[in-house]
Amino acid sequence: MRLWHESLITKLPRQQLLGQHRECCALRGGGWGKRHATVDYVFIYSPYKLFRYHKLVMTEMLNRGYKPNEDWLNPLYRGNNMIPYKSLPIEVSTYPIYPEHDHNYLIECIENLRKNVLKSSLEEINEYTHFVITYIKIKKGRSIAGVQFHIEKKKTSLHCLIRRTIRNIKRIRLNKSKNGKIYLTKQSKASIRPCWEKTS
């Protein structure tokens, strides 16, 4: 797990946003000080920095209608099973909150989202819905400043629609049962015969 670049918090998909909340809760609680490959740098600084970052996450959750535990809005709180801090020195606000979250880290996070979230989601939408979604990266110089999405409704060929309808009609036959009742049956594709062909 990682701490996403703070400029992406308001753009994170639901799963990543809620996962970030859980990660912050774990780090502020029993996970504080325990080595972690991707977030070791947070332990260099005061826990108050992590609280400020977590507050951004919780603010976005509230904006989307989620209700995180209000106890986490207290910078001294560390979870039900941990003793709270007696006090924390309030640090000067900086942007980004963590110096490690520089422009290169932002590009890394965007690429991670593109590979693990955006690409698979768009492939699924394009395959199973009536829409085709594409996107382009908006660049300023060599830097990526954002992403622009283009949504288009799939164009259904009238010719293909007619052919599909005719094919389905050919698969329907009238049959007469022994008691004289007439009913419809649908043939398999392998048993389709031209309508002019006589059956034995």
State the [atom1]-[atom2] distance between [X] and [Y], to the nearest 0.5 angstrom.
X    : Y    : atom1 : atom2 : value
L106 : H101 : CG    : NE2   : 10.5 Å
N69  : N80  : CG    : CG    : 7.0 Å
H21  : L12  : NE2   : CG    : 14.0 Å
L27  : H54  : CG    : NE2   : 9.5 Å
K115 : I110 : NZ    : CD1   : 13.5 Å

Can you check side-chain contact (heavy atoms from CB on, under 4.5 Å) on S46 and I90, steps first, answer last? CA-CA 9 Å; S46 166; I90 298 178; over 6 Å; no
If you draw the axis of the six-membered ring of W4, does the NZ or CZ of R2 fall within 45° of it and under 6.0 Å from the ring centre?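 Yes.
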So [Y] and [X], do their side chains get closer than 4.5 Å, heavy atoms only?
X   : Y    : result
Y53 : R28  : no
P13 : L113 : yes
L3  : C24  : yes

Membership question, hydrophobic clusters at under 4.5 Å side-chain separation (ILVMFWY): are [Y] and [X] in the same one?
X   : Y   : value
W32 : Y77 : no
Y66 : M58 : no
M82 : Y85 : no
L76 : V57 : yes
I9  : W72 : no

Specify whether F51 and Y48 have parallel, tilted or perpendicular ring planes, treating 30° as the upper limit for parallel and 60° as the lower limit for perpendicular.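 Aromatic pair F51/Y48 classed tilted.
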Please say whether more than 12 non-hydrogen atoms of neighbouring residues, nucleotides or ligands are located less than 6.0 Å from [atom1] in [X].
X   : atom1 : value
K49 : NZ    : yes
N81 : CG    : no
I44 : CD1   : yes

Check whether [X] reaches the backbone of [Y] with its side chain - one donor and one acceptor, N or O, closer than 3.5 Å.
X   : Y   : result
Y98 : L50 : yes
E6  : I97 : yes
R64 : L17 : no

Sort and list the pairs that fulfil salt bridge (Lys or Arg N to Asp or Glu O under 4.0 Å) and have at least one residue in residues 67-87, not counting sequence neighbours.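 Output for this query is empty, none listed.
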Which pair of heavy atoms, one from [X] and one from [Y], lies closest together, and at what distance?
X   : Y   : value
T38 : Y41 : O-CE2, 3.3 Å
L88 : P75 : CD1-O, 3.4 Å
H5  : S7  : ND1-OG, 2.8 Å

Once salt bridge (charged side-chain N to carboxylate O under 4.0 Å, His left out) is applied, do any residues pair with R14, and if so which ones, sequence neighbours excluded?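 By the salt bridge (charged side-chain N to carboxylate O under 4.0 Å, His left out) rule, R14 matches no residue at all.
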Steps toward side-chain contact (heavy atoms from CB on, under 4.5 Å) verdict (H150, I136): CA-CA 8 Å; H150 178 69; I136 58 172; over 6 Å; no
Full working for side-chain contact (heavy atoms from CB on, under 4.5 Å) between N63 and T10: CA-CA 9 Å; N63 289 341; T10 58; over 6 Å; no
Tell me, with the steps shown, if E111 and E108 meet side-chain contact (heavy atoms from CB on, under 4.5 Å). CA-CA 5 Å; E111 187 63 18; E108 181 183 331; 5.9 Å; no
F131: partners by ring pair (Phe, Tyr, Trp, His ring centres under 6.0 Å), with sequence neighbours left out: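 Scan of F131 (ring pair (Phe, Tyr, Trp, His ring centres under 6.0 Å), adjacent residues dropped) gives none.
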